[in-house]
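Worksheet: the structure to be examined is printed underneath.
Lettering of chains follows the sequences in order, A, B, ..., and the numbering in each one begins at 1.
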Number of protein chains: 2
Amino acid sequence: MTPSRAVRQHVTEERIVEAALALIHDEPMGSFTLAKLAKRLRISAPTIYSHVPNKQYIIERVRSRVVAEIDCSAFERLPWDEALAEWARSYANAFVKHPETIPLLTTNPVQAPELVRQYEIIATALQEAGWPPHEIVAVFTVVESFVMGSVLDLVAPVQMVQPADGEEYPVLRSLVGEADTLRAQHTFELGIESMIDGLRARLVRVAVRPI
Amino acid sequence: MTPSRAVRQHVTEERIVEAALALIHDEPMGSFTLAKLAKRLRISAPTIYSHVPNKQYIIERVRSRVVAEIDCSAFERLPWDEALAEWARSYANAFVKHPETIPLLTTNPVQAPELVRQYEIIATALQEAGWPPHEIVAVFTVVESFVMGSVLDLVAPVQMVQPADGEEYPVLRSLVGEADTLRAQHTFELGIESMIDGLRARLVRVAVRPI
DNA sequence: ACCTGAACACCGTTCAAGT
DNA sequence: ACCTGAACACCGTTCAAGT
């Protein structure tokens, strides 16, 4: 569709957000700058302001893009517990695919309407599963919290369990293997399975008779 | 000990970190500045650099203060599951007491040696409880992830489940009560109980014979 | 209508100069 | 040794001026 030779295209909000996502992805964490964004778009920094109100707005649009990748269709075809686990995996995956956005996203308040739309679907499914109304928001909130915390942990340049000293923390030292992504994924799985398992047990205790 | 009249005291790293904690607490989120810190200490901004290498270092020391409040003594007197829940509560509480520090802490990598010291204690307790070695780090990591995610959620100026439109999201709308701290605390409790419950069930399946 | 350069008020940080 | 003012390279943002 676009000619192979680079042609100066119209600058639009769309293209700004796209370039922002690319820039955040390329550059090291926390160095997302309007000056760099402008250079990438081949315009001057002030020009950005003729298409977009400010930097916060751009960040919010980037967040929307990431959140839009979260898939909650599992609730249409699976029981609530399996669907919740699938949703959690999709949620984590969306952020892990854009790890550089996470610091930005935790600093700025969340307001993505895409997510609220999903809450409605999930709430309905949980209600139909027999969860008492006053616990429904709590149930998907705790799953979401675990996902966000895991994502933070996943992208953190942690090294936290690698003390330099030879003698200290013998137990810990003997347990820590390679801190690769595979281990992180295994940890996430252990967590989400346990949490859903606990929730399943709770529902048995607190369930209102299913409709 | 100190005279009641304000006497210009020696500027030390200690006092800088203390002032930083106070400043972060007073000022709105994300406006922690060396200029403001200097003014509060009644010195010029460059003077800070004769006591401390840079801003990151100050932030790291502030984090250490917060982390130092986390109490893992429960492992000395309670079974692993109850102790893990107590630790999680103490962990969350330390950060909730300084909510303004959370954005700073998630942006910067974690390197608090205070926490690693606790990992060693926890790992030992989990080992004695019969957890297989290759799952021990995962177990306290998932709890930690849930805590961090919850804390983010707790301090976020969320409003996320309050759509303006009158007709949209009927189920969700009917479930959302007042978004007060009490509800957040209840949510955290539901989460930590469920997670620990799931972990307890898992241990039954995977336990090596206890020593 | 869209874009620009110059300018503003701020950052964190360096450094020569003062005591 | 400790502290300072001036300066540097950067921010995000505004605005009058150009096309």
For B:I16 and D:dC2, give me the distance from atom CD1 to atom C1', rounded to whole Å.
12 Å
Residues forming a salt bridge (charged side-chain N to carboxylate O under 4.0 Å, His left out) with A:K39, sequence neighbours excluded:
none
B:E120: partners by salt bridge (charged side-chain N to carboxylate O under 4.0 Å, His left out), with sequence neighbours left out:
none
Side-chain donor-acceptor pairs of residues 75-83 of chain B under 3.5 Å, sequence neighbours excluded:
unit_1	atom_1	unit_2	atom_2	d
B:R77	NH1	B:S73	O	3.4
B:R77	NH1	B:S73	OG	3.1
B:D81	OD2	B:R200	NE	2.6
B:D81	OD2	B:R200	NH2	3.4

Whole angstrom value for the distance that separates C1' of D:dC11 from CD1 of A:I59
13 Å
Provide, to the nearest angstrom, the distance between the CD atom belonging to A:E13 and the C1' atom belonging to C:dC2.
16 Å
How many whole angstroms separate atom NE2 of B:H51 from atom C1' of D:dC3?
9 Å
Please determine if a side-chain N or O atom of B:T47 lies less than 4.0 Å away from the OP1 or OP2 oxygen of D:dT4.
yes
Does a side-chain N or O of B:H10 approach OP1 or OP2 of D:dC2 to a distance below 4.0 Å, or not?
no
Any pair with a residue in residues 134-143 of chain A that passes salt bridge (charged side-chain N to carboxylate O under 4.0 Å, His left out), sequence neighbours left out, goes on the list, sorted by first then second residue, please.
A:E135-A:R202
Please tabulate, one pair per line, each protein N/O and nucleotide N/O from nucleotides 12-15 of chain D that are separated by under 3.5 Å, including the distance.
unit_1	atom_1	unit_2	atom_2	d
D:dG12	OP1	A:L34	N	3.3
D:dG12	OP1	A:K55	NZ	2.9
D:dG12	OP2	A:L34	N	3.1
D:dT13	OP2	A:Y49	OH	2.3
D:dT13	OP2	A:K55	N	3.1
D:dT13	O5'	A:Y49	OH	2.7

Could you work out, with ring-ring contact (aromatic ring centres under 6.0 Å, His included) as the rule, every residue matching A:F188, not counting sequence neighbours?
A:F146
Taking B:E114 first and then B:R61, would you say they form a salt bridge - that is, a charged N and a carboxylate O separated by under 4.0 Å?
no
Partner set under salt bridge (charged side-chain N to carboxylate O under 4.0 Å, His left out) for A:E86, not counting sequence neighbours
A:R89
Determine which bases of DNA chain C form Watson-Crick or G-U wobble pairs with both distances under 3.5 Å, and write the result as a 5' to 3' dot-bracket string with | for other-strand partners.
||.|||||...|||||.||
Between atom CD1 in A:I48 and atom P in C:dC3, what is the gap in whole Å?
11 Å
Partners of A:E69 by salt bridge (charged side-chain N to carboxylate O under 4.0 Å, His left out), sequence neighbours excluded?
A:K97
